[in-house]
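Sequence positions, counted from 1, serve as the residue numbers for this chain. Just so you know, ligand 1 is whichever comes first in the structure, and atom 1 is the first atom listed for that ligand.
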Amino acid sequence: MQKPLNNKNVLLGICGSIAAYKSPDIVRRLQDLGAEVRVVLTAGGAEFVSERSLQTVSKNKVHDNLWDAEAELSMGHIELAKWADAIVIAPASANTIAKLCHGRANDLLTTLILATTAKILIAPAMNQQMYASMATQDNLKLLESRNMVIAKPEFGEQACGDIGEGRLAEPTSIALQAANLFQNTQLGGKKVMITLGATIEAIDPVRFISNHSSGKMGMALASACIEAGATVTLIIGSISVAVESRAINIFVTSADDMLEAVMSNIGEQDIFISCAAVADYRPVNIAQNKIKKDSETLSIELVRNPDILANVCQMKNKPICIGFAAETENLIKNAKNKLKNKGCDAIILNDVSNSKIGLKSDQNEVFFITKDNCEKINITSKIIIAKKLVEKISEVLI
Ligand code: CTP
């Protein structure tokens, strides 16, 4: 199952507050959502929670010292700042919050915050009067104005006996707010259907014709569309990748099944992305019984499968249609022909002759081609390619 923080690196910063005792649970909740978690513990934090507990739950060495030569050798502070997709400071003490406002860098956590481009979530936890103080309130407003997100503390009884606002937000809520950092509104409210994976065309009860498609590019697109605010329906052929649990998932086998599933659900869609590697031909007859090897040669007569993308493009009130072009030669020319012949709004071209990218690989390099535009997205992970494609789709086609 694909989870909201899959493939995301989250650095959890823990400051000096009694609520730090909840931090191993925060690590677990972030992991539940799919994150890889590393921990940075301030000197204050270490007064309330043990490094050993955090190392055990995070399965990574805890980082706690800016000046530790050995730690710097294994993963230096700049490397750690670059590793993180998000930094969550929970609990965030009044002191660390104040230091962040001034851009101080006198310990590992504050230095990392200056050195990172990651998204930042701050979960304050402190005595209710300290939280209500004008200084803390002004400081939090300043951090918000710098695009940091504040996970508001809760109201209730505090460790010191006071009752008020200042208790650390619940670990589950902090983890969900961390996942929300990755949401944007590029496809806000849109309905997107994506076909992905390979179709399987039966020859007899045990044999079939298919291809090497893994479904990785389509699944990465599904996650990127969901994170951009879309409701996503997936029509899934044969894949070797975890399924995106936040999508509506419909599983199919053959090209005919895929066509039927697409056509019965396409009516309400705003965008159709045809990422599936559909077999172009299927056997004319499917043998009822396993074919015996009686003869030296065997011919299987094939008939052309329906072109699913072209069918959608021909609809009267068609959605925005985006196809892929898997090419091995005359890349741009062939892709432009597909754009025109199938009648789609954009084609994403990839060179499937290059084994570093395409079908089974985790990486890809594509061209996003429309009637008036042809833009290259250089080789990178399919996850980043998917995000860039969603950006392009929202900029150029919506
Ligand atoms: N496609 C489809 N139905 C098919 C074949 C392809 O919907 N029967 C879609 C693919 O999902 C892709 C686009 O059409 O978005 C182009 O697929 P591709 O395999 O590159 O090309 P084909 O149309 O099959 O043409 P050719 O094999 O001749 O290159």
Side chain or backbone of D280 under 4.0 Å from ligand 1, or both, or neither, by non-hydrogen atoms?
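It is the side chain that gets close, since no backbone atom is under 4.0 Å.
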
Taking heavy atoms and a distance under 4.0 Å, where does P306 meet ligand 1: side chain, backbone, both or neither?
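Backbone only; the side chain of P306 stays clear of ligand 1.
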
Quick one: nearest non-hydrogen protein atom to [atom], plus distance?
| atom | value |
| --- | --- |
| atom 7 (O) of ligand 1 | L309 N, 2.8 Å |
| atom 3 (N) of ligand 1 | I308 N, 3.0 Å |
| atom 12 (C) of ligand 1 | F324 O, 3.1 Å |
| atom 9 (C) of ligand 1 | S274 OG, 3.5 Å |

Which of the atoms in ligand 1, numbered in the order shown and given with their element, are less than 4.0 Å from a heavy-atom of [X]?
| X | answer |
| --- | --- |
| A276 | 10 (C), 11 (O) |
| G323 | 15 (O) |
| A325 | 20 (O) |
| D307 | 1 (N), 2 (C), 3 (N), 4 (C), 7 (O), 8 (N), 23 (O) |

L121 and its side chain to side chain contact (heavy atoms under 4.5 Å, CB included) partner, picked from I89, V149, L12:
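By the side chain to side chain contact (heavy atoms under 4.5 Å, CB included) criterion, L121 pairs with just one of I89, V149, L12: V149.
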
Quick one: are [X] and [Y] in side-chain contact, heavy atoms under 4.5 Å?
| X | Y | answer |
| --- | --- | --- |
| P24 | L54 | yes |
| H77 | L112 | yes |
| L349 | I332 | yes |

Please determine whether salt bridge (charged side-chain N to carboxylate O under 4.0 Å, His left out) holds for the pair E375 and K388, giving the CA-CA distance in whole Å, both sets of side-chain angles, and the decisive distance to 0.1 Å.
CA-CA 11 Å; E375 202 170 317; K388 294 196 170 170; over 6 Å; no

Verify side chain to side chain contact (heavy atoms under 4.5 Å, CB included) between I200 and S210, making sure each step is shown before the conclusion.
CA-CA 5 Å; I200 289 187; S210 190; 3.8 Å; yes

Sub-4.0 Å heavy-atom contact, A326 with ligand 1:
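Flag set, A326 near ligand 1.
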
Pick whichever of R304, K342, K338 has a heavy atom sitting closest to atom 18 (P) of ligand 1.
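The option holding the nearest heavy atom is K338.
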
To the nearest 0.5 Å, what is the distance between CD1 (I209) and CD1 (I203)?
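Going from CD1 on I209 over to CD1 on I203, the span is 4.5 Å.
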
Under the side chain to side chain contact (heavy atoms under 4.5 Å, CB included) rule, what do I163 and F155 come out as? Steps first, then yes or no, please.
CA-CA 7 Å; I163 294 179; F155 184 94; 3.9 Å; yes

